Amino acid sequence: MLRCSRRWPAWVTPWLWPERMEQQDERRIWQRRQLRQTLIGTGVVGAVIGVAPLLLAFVLGSGRVAMGGHARPLSLLAVDAVLFVVVAVVFCMVVFGLLPMAVQYAFIRGARWWTGRD
(Lines give C-alpha, C1' and ligand atoms only; values in the text may rest on other atoms or scores of the structure.)
Protein backbone atom coordinates (compact mmCIF):
# COMPACT_ATOMS: atom_id res chain seq x y z
CA MET A 1 0.00 0.00 0.00
CA LEU A 2 1.21 3.47 -0.86
CA ARG A 3 1.75 5.74 2.15
CA CYS A 4 2.35 9.46 1.93
CA SER A 5 2.74 12.31 4.31
CA ARG A 6 -0.22 14.36 5.48
CA ARG A 7 0.68 17.35 3.32
CA TRP A 8 -1.24 15.98 0.33
CA PRO A 9 -4.49 17.75 -0.59
CA ALA A 10 -7.74 16.59 0.99
CA TRP A 11 -9.06 15.09 -2.26
CA VAL A 12 -6.16 12.59 -2.30
CA THR A 13 -6.83 11.35 1.24
CA PRO A 14 -9.56 8.71 0.59
CA TRP A 15 -7.45 6.88 -1.99
CA LEU A 16 -4.25 6.91 0.02
CA TRP A 17 -5.81 5.98 3.38
CA PRO A 18 -8.52 3.35 2.84
CA GLU A 19 -9.07 2.91 6.58
CA ARG A 20 -10.37 6.49 6.75
CA MET A 21 -12.79 5.68 3.93
CA GLU A 22 -14.02 2.65 5.88
CA GLN A 23 -14.58 4.81 8.96
CA GLN A 24 -16.62 7.27 6.91
CA ASP A 25 -18.72 4.43 5.47
CA GLU A 26 -19.34 3.04 8.97
CA ARG A 27 -20.34 6.51 10.18
CA ARG A 28 -22.82 6.91 7.29
CA ILE A 29 -24.32 3.49 7.98
CA TRP A 30 -24.66 4.37 11.67
CA GLN A 31 -26.29 7.72 10.82
CA ARG A 32 -28.81 6.05 8.50
CA ARG A 33 -29.62 3.46 11.14
CA GLN A 34 -30.09 6.17 13.76
CA LEU A 35 -32.34 8.18 11.43
CA ARG A 36 -34.45 5.11 10.63
CA GLN A 37 -34.85 4.23 14.32
CA THR A 38 -35.74 7.83 15.17
CA LEU A 39 -38.38 8.00 12.45
CA ILE A 40 -39.91 4.68 13.49
CA GLY A 41 -39.96 5.60 17.18
CA THR A 42 -41.42 9.06 16.71
CA GLY A 43 -43.91 7.71 14.17
CA VAL A 44 -45.21 5.18 16.68
CA VAL A 45 -45.50 7.89 19.33
CA GLY A 46 -47.37 10.08 16.85
CA ALA A 47 -49.74 7.23 15.99
CA VAL A 48 -50.50 6.66 19.67
CA ILE A 49 -51.02 10.40 20.21
CA GLY A 50 -53.30 10.50 17.16
CA VAL A 51 -55.36 7.39 17.91
CA ALA A 52 -55.87 7.95 21.65
CA PRO A 53 -58.17 11.01 21.30
CA LEU A 54 -60.12 9.29 18.52
CA LEU A 55 -60.75 6.24 20.69
CA LEU A 56 -61.70 8.45 23.61
CA ALA A 57 -64.14 10.43 21.45
CA PHE A 58 -65.60 7.21 20.07
CA VAL A 59 -66.13 5.70 23.52
CA LEU A 60 -67.52 8.84 25.14
CA GLY A 61 -69.48 10.05 22.12
CA SER A 62 -71.12 6.74 21.16
CA GLY A 63 -73.99 7.24 23.62
CA ARG A 64 -74.99 10.61 22.19
CA VAL A 65 -77.78 10.83 19.69
CA ALA A 66 -77.06 13.03 16.70
CA MET A 67 -79.67 15.49 15.58
CA GLY A 68 -81.15 14.73 12.19
CA GLY A 69 -79.99 17.87 10.40
CA HIS A 70 -76.55 18.03 11.99
CA ALA A 71 -75.34 14.47 11.45
CA ARG A 72 -72.28 14.03 9.22
CA PRO A 73 -71.81 11.03 6.94
CA LEU A 74 -69.62 8.25 8.29
CA SER A 75 -67.24 8.54 5.34
CA LEU A 76 -66.44 12.17 6.23
CA LEU A 77 -65.84 11.21 9.84
CA ALA A 78 -63.46 8.43 8.71
CA VAL A 79 -61.55 10.83 6.45
CA ASP A 80 -61.24 13.32 9.32
CA ALA A 81 -59.97 10.58 11.62
CA VAL A 82 -57.36 9.37 9.13
CA LEU A 83 -56.16 12.91 8.44
CA PHE A 84 -55.94 13.59 12.17
CA VAL A 85 -53.74 10.52 12.72
CA VAL A 86 -51.53 11.32 9.70
CA VAL A 87 -51.03 14.91 10.85
CA ALA A 88 -50.19 13.72 14.37
CA VAL A 89 -47.63 11.22 13.04
CA VAL A 90 -45.96 13.76 10.73
CA PHE A 91 -45.94 16.42 13.45
CA CYS A 92 -44.27 14.08 15.96
CA MET A 93 -41.72 12.88 13.40
CA VAL A 94 -40.71 16.43 12.53
CA VAL A 95 -40.84 18.07 15.97
CA PHE A 96 -39.55 15.20 18.11
CA GLY A 97 -37.36 13.41 15.56
CA LEU A 98 -36.00 15.38 12.63
CA LEU A 99 -35.70 18.81 14.25
CA PRO A 100 -33.58 17.63 17.23
CA MET A 101 -31.40 15.54 14.90
CA ALA A 102 -30.87 18.55 12.62
CA VAL A 103 -29.88 20.73 15.59
CA GLN A 104 -27.48 18.04 16.82
CA TYR A 105 -25.98 17.61 13.34
CA ALA A 106 -25.54 21.37 12.91
CA PHE A 107 -23.89 21.63 16.33
CA ILE A 108 -21.46 18.80 15.55
CA ARG A 109 -20.58 20.27 12.14
CA GLY A 110 -20.06 23.69 13.72
CA ALA A 111 -17.87 22.26 16.47
CA ARG A 112 -15.75 20.36 13.94
CA TRP A 113 -15.40 23.46 11.78
CA TRP A 114 -14.54 25.59 14.82
CA THR A 115 -11.84 23.17 16.00
CA GLY A 116 -10.49 22.60 12.49
CA ARG A 117 -11.18 18.84 12.41
CA ASP A 118 -13.53 18.95 9.45
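From a predicted model like this one, the values you see are computed outputs, not experimental measurements.
In this structure, C92 and G46 approach most closely via the heavy-atom pair SG-CA, 3.5 Å. When all heavy atoms of P53 and F84 are compared, the closest pair comes out as CG-CE2, 4.1 Å. Pairing each heavy atom of L54 with each of A81, the nearest pair is CD1-O, 3.6 Å.
Hydrophobic clustering keeps V45 apart from V51 (ILVMFWY residues linked when any side-chain heavy atoms are closer than 4.5 Å, directly or through intermediates). In the hydrophobic clustering of this structure, V89 groups with L39; members are Ile, Leu, Val, Met, Phe, Trp, Tyr whose side-chain heavy atoms approach within less than 4.5 Å, directly or through other members. Residue V103 is not grouped with residue I108 when hydrophobic side chains (ILVMFWY) are merged at heavy-atom distances under 4.5 angstrom, including chains of intermediate members. A continuous path of ILVMFWY side-chain contacts below 4.5 Å connects M101 to M93, so both sit in one hydrophobic cluster.
Between L35 and L98, the closest side-chain pair of non-hydrogen atoms falls below 4.5 Å. Looking only at side-chain heavy atoms (C-beta outward), W30 and Q34 come within less than 4.5 Å of each other.
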